[in-house]
Amino acid sequence: MIAKGGYIKDILVSSPGRTVDAHGWVKTRRDSKGVHFIQLNDGSCFADLQVVIEAGSIPEDTLKVVTTGACVRITGVLTESPAAGQAVELKAIAIHVFGVADSASYPLQKKGHTMEFLRDIAHLRTRSNTFGAVFRVRNALAFAIHTFFQDRGFQYVHTPIITASDCEGAGAMFGVTTLDMQNVPRIAEGPNAGKVDYTQDFFGKPAFLTVSGQLNAEIFALAFSNVYTFGPTFRAENSNTPRHLAEFWMIEPEMAFCDLAGDMELAEAFLKSVIGQVMDACPGDLEFFNKRIDNTILETLENVVNNDFEHVPYTEAVRILENSGQSWEFPVFWGADLQSEHERYLTEQTFKKPVIVTDYPREIKAFYMRANDDGKTVRAMDVLAPRIGEIIGGSQREERYDVLLDKIRESELSEEAYWWYLELRKFGSAPHAGFGLGFERLMLYLTGMKNIRDVIPFPRTPGTAEF
RNA sequence: UCCCCGUUAGCUCAAUGGCAGAGCGUUCGGCUGUUAACCGAAAUGUUGAUGGUUCGAGCCCAUCACGGGGAGCCA
């Protein structure tokens, strides 16, 4: 194990003169007449350690297998680098090769790989510049999220991954079963004869992978005041886009004693905080994204951190779109949901920064959102970001028992299935609000990466669960 | 799921229906410290799969598979 202080990121900021052991994987190698150069990376930072091997200092048969992809430990003396590009370099004394990588068949080259090719070698893409940067940022972002909430006294709650209530209603769900799919038990007689007999299944009823932890988080908010979830979420939708995954991570804060204004304040503070934290933690990685992936990304992030988000009620947003003079593929009128093209127009053309749209028509939003007094709209908010569209969706929740019961009946949902959700409104109900945020969507925003499959270690999408 | 585009060397891409090509990588050689090093040479192909049209198909047609972009669903 590499001890604290022994990572390449530590070695790179050490003062010259020491003898050190550097562990890692060879990224590239350059040979000259009397000297060899190796770029060594252990994943601890974007920069490589340049190792200098004087001719004759290392046995020929060792040197021969120190090629791109090989895993090595190099003992050497840290010296001031005479050339530009790095402050210090390692003059090799001894090299131990843990694992060779045959040059003729090692798939990673020094240059020009497409994201699609790298995705096909997800077991090796982690060693590339791009994916090293992506996954360091992912780690820093996850940590920043916990830091943000913990600093504010939010409790982290682990909501279930398996749910036996199919009442979440946020999209198609994956079934979870131990029944023998080749020989499914069926109900023998009665009105349901011939249907699957779930009483014989593991949970005694149909079970699914969660599509949201929100309803469970509400339970905790009505006891611990401020809570958040951060865990995997599953959608069985046949979505084939650069913005969808079948398995993704979601963050869902839920706050008691909170209205829509408080919800929006938290959402904005959240985005600014986590983006700022990642900018502090991963400057080298973000510079790389700015240089090679999207040269507007640093400017965009600075902008988000330093400027207030735009707020616009749905009704006003519709008016802006109607008066834009644009021709839309999907018509704009009060009551219609905003389409991708509309969201992009608002964020990229009208405001050129994140926009929070509020107070949507009740018909196009979920039953649990709190009704406004106008009877037409609900206290919902979507945070829209340039390039990626909706990044946060949230609302104040309906805390009034009678109103919620009406909404459930109106939506033709099962009262019985929501018994506990209703009962929360009967015993010590409180105004409360929250939002949901796709972790990988935020990763896209932070890195400038174009495809969501390239910001999660091992993407699961329709037809693909490799690695 | 719908629309459009694509699939040729390890990678990125060329190739009027008529001999399968380049750059990068790899290998070998050269080069006084390189930074996606440089210079020279060589090797590398079941043109995604299955049918069809044709004297002849990488190229035209059909079906399928996979990938990309857009849309829907949504986070």
Side-chain angles (χ1 to χ4, degrees), chain A residues 27-39 47-55 64 67-69 79 81-86 89 91 101-121 124 128-129 168-172 210-214 232-252 288 291-292 328-330 337-341 343-344 364-366 382-385 388-394 435-445 450-456 461-464 466:
Chain A
K27 191 167 278 173
T28 71
R29 165 175 170 169
R30 296 176 293 274
D31 296 299
S32 189
K33 174 88 174 192
V35 61
H36 311 271
F37 298 93
I38 285 167
Q39 298 295 126
D48 304 314
L49 174 65
Q50 171 159 283
V51 178
V52 183
I53 303 168
E54 304 273 9
K64 209 172 166 149
T67 55
T68 302
T79 57
S81 181
Q86 59 283 314
E89 60 189 25
K91 274 228 178 351
D102 175 51
S103 333
S105 50
Y106 187 67
L108 281 178
Q109 303 173 182
K110 290 179 197 179
K111 310 184 180 186
H113 287 303
T114 59
M115 295 303 159
E116 294 78 30
F117 172 70
L118 290 168
R119 203 179 299 147
D120 287 340
I121 51 166
L124 296 172
S128 67
N129 283 333
E168 301 189 33
T210 185
V211 293
S212 166
Q214 181 199 314
T233 309
F234 307 87
R235 302 280 166 89
E237 305 283 355
N238 191 9
S239 299
N240 293 288
T241 84
R243 301 181 308 282
H244 291 85
L245 291 164
E247 175 184 294
F248 64 99
W249 287 63
M250 191 150 67
I251 299 119
E252 294 173 293
F288 170 79
K291 195 169 150 199
R292 289 288 172 87
W328 305 109
E329 187 186 340
F330 293 89
D337 207 355
L338 299 182
Q339 302 293 323
S340 291
E341 56 174 341
E343 296 179 352
R344 293 189 69 137
I364 60 173
K365 287 293 182 184
D382 284 355
V383 181
L384 311 179
I388 57 170
E390 182 183 334
I391 191 166
I392 286 179
F435 60 80
L437 163 97
F439 184 60
E440 285 79 15
R441 294 262 174 100
L442 186 52
M443 280 293 295
L444 290 178
Y445 194 63
K450 302 294 182 290
N451 194 313
I452 202 163
R453 300 165 195 206
D454 299 326
V455 295
I456 189 168
T461 52
T464 306
E466 190 66 52

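Residue numbering restarts at 1 for every chain, and letters A, B, ... go by the order of the sequence lines.
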Grab the N/O contacts between the protein and nucleotides 46-49 of chain B below 3.5 Å, and write none if there aren't any.
none

Heteroatom pairs (N/O) under 3.5 angstrom, protein to nucleotides 67-70 of chain B:
from	atom 1	to	atom 2	distance (Å)
rG68(B)	OP1	R119(A)	NH1	2.1
rG68(B)	OP2	R453(A)	NH1	3.4

Identify the pairs formed between an N or O of the protein and an N or O of nucleotides 25-29 of chain B at a distance under 3.5 Å, and give each distance.
from	atom 1	to	atom 2	distance (Å)
rU27(B)	OP1	S103(A)	OG	3.1

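rG48(B) and rG6(B) have their P atoms separated by 13 Å, with the value rounded to a whole Å. Taking atom P in both rU7(B) and rA14(B), one finds a spacing of 7 Å when rounded to whole Å. rC60(B) and rC24(B) are spaced 30 Å apart, taking the P atom of each and rounding to whole Å. Using C1' as the reference atom, rA62(B) and rA57(B) are 15 Å apart when rounded to the nearest Å. For rG25(B) and rA36(B), the P atoms lie 13 Å apart once the distance is rounded to whole Å. Using C1' as the reference atom, rA9(B) and rA22(B) are 11 Å apart when rounded to the nearest Å. Rounded to the nearest Å, the gap between the P atom of rU47(B) and that of rC59(B) is 10 Å. The separation of rU8(B) from rC4(B), taken at their C1' atoms, amounts to 22 Å, rounded to a whole angstrom.
I38(A) has its CD1 atom 13 Å from the P atom of rA37(B), to the nearest Å. rA36(B) atom C1' lies 14 Å from atom CD of Q50(A), rounded to whole Å. The distance from atom CD of E252(A) to atom C1' of rC74(B) is 13 Å, rounded to the nearest whole Å. Separating the CG atom of D31(A) from the C1' atom of rC39(B) is a distance of 14 Å, rounded to the nearest angstrom. For the pair L338(A) CG and rC73(B) P, the interatomic distance rounds to 11 Å; values are reported in whole Å. Rounded to a whole Å, the CZ atom of F37(A) is 13 Å from the C1' atom of rC38(B). Summarising the geometry, the separation between CG on L245(A) and P on rC73(B) is reported as 18 Å, rounded to the nearest angstrom. In this structure, M115(A) places its CE atom 14 Å from C1' of rU12(B), rounding to the nearest Å.
Every residue two or more places apart in sequence or in another chain that forms a side chain to side chain contact (heavy atoms under 4.5 Å, CB included) with E341(A) is listed here: W328(A), E329(A), F330(A), Q339(A). With sequence neighbours excluded, the residues that form a side chain to side chain contact (heavy atoms under 4.5 Å, CB included) with T241(A) are R243(A), H244(A).
With S103(A) contributing its side chain and T68(A) its backbone, the two residues share no donor-acceptor pair below 3.5 Å. Not one N or O on the side chain of R235(A) forms a donor-acceptor pair closer than 3.5 Å with the backbone of L245(A). Counting only distance, with no hydrogens or angles, the side chain of E440(A) and the backbone of W249(A) share a donor-acceptor pair below 3.5 Å. Under a 3.5 Å cut-off, the side chain of Q86(A) and the backbone N or O of A84(A) do form a donor-acceptor pair. With K110(A) contributing its side chain and R29(A) its backbone, the two residues share a donor-acceptor pair below 3.5 Å.
Looking only at side-chain heavy atoms (C-beta outward), Q50(A) and Q39(A) come within less than 4.5 Å of each other. Using a 4.5 Å heavy-atom threshold, the side chains of R453(A) and T461(A) count as touching. Taking the side chain as every heavy atom from C-beta outward, D382(A) and K365(A) approach each other to under 4.5 Å. No side-chain heavy atom of K450(A) sits less than 4.5 Å from a side-chain heavy atom of P242(A).
Remark: the S239(A) side chain and the rC73(B) base include a donor-acceptor N/O pair separated by less than 3.5 Å. A donor and an acceptor atom sit less than 3.5 Å apart, one in the side chain of H244(A) and one in the base of rC74(B).
Of the residues listed (L124(A), L108(A), D454(A)), the one engaging L118(A) in a side chain to side chain contact (heavy atoms under 4.5 Å, CB included) is L108(A), and it is the only one. Of the listed residues (I392(A), V455(A), L437(A)), just one forms a side chain to side chain contact (heavy atoms under 4.5 Å, CB included) with L442(A), and that residue is L437(A).
K91(A) comes within 4.0 angstrom of a nucleotide base, judged by non-hydrogen atoms across all strands. P82(A) comes within 4.0 angstrom of a nucleotide base, judged by non-hydrogen atoms across all strands. Across all strands, Q339(A) comes closer than 4.0 Å only to sugar-phosphate atoms, never to a base (heavy-atom distances). Residue F330(A) is in sugar-phosphate contact alone, with no base atom involved, counting any heavy-atom pair closer than 4.0 Å across all strands shown. Base engagement by E89(A) is indicated by at least one non-hydrogen atom pair under 4.0 Å involving a base atom. The residue F248(A) sits close to a base: some heavy atom pair falls under 4.0 Å.
Within the model, atoms CZ of F435(A) and CD of E252(A) stand 10.0 Å from one another, a figure rounded to the nearest 0.5 Å. The distance from the CG atom of N451(A) to the CZ atom of R119(A) is 4.5 Å, given to the nearest 0.5 Å. Considering OG1 of T210(A) and CE of M250(A), their distance stands at 7.0 Å, rounded to 0.5 Å.
The residue among Q39(A) and E341(A) whose nearest nucleotide of RNA chain B is located toward the 5' end is Q39(A). Toward the 5' end of RNA chain B, the nearer of the two residues I391(A) and Q86(A), judged by each one's closest nucleotide, is Q86(A).
Between R30(A) and the phosphate of rU34(B), there is no side-chain N or O to OP1/OP2 separation shorter than 4.0 Å.
Every stem involving RNA chain B, taken as at least 3 paired positions in a row under the Watson-Crick or G-U wobble test at 3.5 Å, is listed here: B:1-7 with B:65-71, B:10-13 with B:21-24, B:26-30 with B:38-42, B:48-52 with B:60-64.
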